[in-house]
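See structure below.
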Amino acid sequence: MGLHAKGMVAVETAVTPEHPAIVIIKCEHQSLGYVVRTLQHVLHEVASHKAEADFKLMAAMLYYIDTFPDRCHHPKEEEHLFTRLRNRNADLNAILDRLQGQHVQASRMMAHIEQTFVHWQAGAADGAAAFTRAVDAYAELLWDHMKQEEDHVLAAALQYLTDSDWRAVDDAFRANDDPLFGTQVQIQFAKLKRQIINRLPRKLRPRVYPDAAGRER
Ligand SMILES: [Fe+2]
Ligand SMILES: [Fe+2]
């Protein structure tokens, strides 16, 4: 709890560091949110005739949005965080059921997004508009979902999880050797995100982004 001994007196430190699991959840939300928001920007540029449709770029973004949550994010939330929270406080079952339902709903929405994407590329009359509506609907769900997790679930976790719960949750989120969401998978998605950024029109790229050697450019 941020206590350390100074001489014979225990002194409380001013800042309590966040649990690694909380930092990782927020970082993964930021990554996913960044790609979705950028896809919305790209679509806006196309609709206002400021840019040509770059289907290869959008396909890479869809691959990221479709796969990253299922490979890197939702399994850890459900298996390690939600399960322990349910054990500590059954009153949380309602919100956790709703959030797990949204994980499933998001996958269904992605299937629809990908269908509209194919129709657009095949020349459907309202292809771009239908794809944009599908992406916007997914984004609405995502913002609501991530806000509920950050505002309510993480707050409940801090309130109800025990120290041993936190050790297990932090260890699970930090695990680097898991074949499902370990380091190699994380590296693949970081690489994919870099490819997406490099392909973006210059004005849509983040102002500061570290290169492979860690330099900012
Ligand atoms: Fe989630
Ligand atoms: Fe999440």
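Ligands are counted one by one from 1 in listed order, and the atoms in each one are counted from 1 as well. For this chain, numbers begin at 1 and follow the sequence in order.
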Indicate whether the side chain of Arg98 and that of Gln148 have a donor and an acceptor atom separated by less than 3.5 Å.
yes
Quick check against the 3.5 Å criterion: does Thr116 have a side-chain atom that pairs as donor or acceptor with the backbone of Gly127?
no
What is the name of the N/O/S atom of His145 that is nearest to the Fe ion (ligand 1)?
NE2
For Glu77, the N, O or S atom at the shortest distance from the Fe ion (ligand 2) is OE2
With no hydrogens and no angle check, do the side chains of His44 and Gln40 hold a donor and an acceptor under 3.5 Å apart?
no
Does any N, O or S atom of Glu149, backbone or side chain, fall under 2.8 Å from the Fe ion (ligand 1)?
yes
Quick check on the Fe ion (ligand 1): does His74 put an N/O/S atom closer than 2.8 Å to it?
no
May I ask you to establish whether Arg37 and Trp143 are in a cation-pi arrangement, using a distance under 6.0 Å from NZ or CZ to the six-membered ring centre and at most 45° from the ring axis?
yes
For the CG atom of Leu161 and the CH2 atom of Trp166, what is their distance to the nearest 0.5 Å?
5.5 Å
Quick check for you: with the Fe ion (ligand 2) as the vertex, what angle do NE2 of His73 and NE2 of His29 span, to 10°?
90°
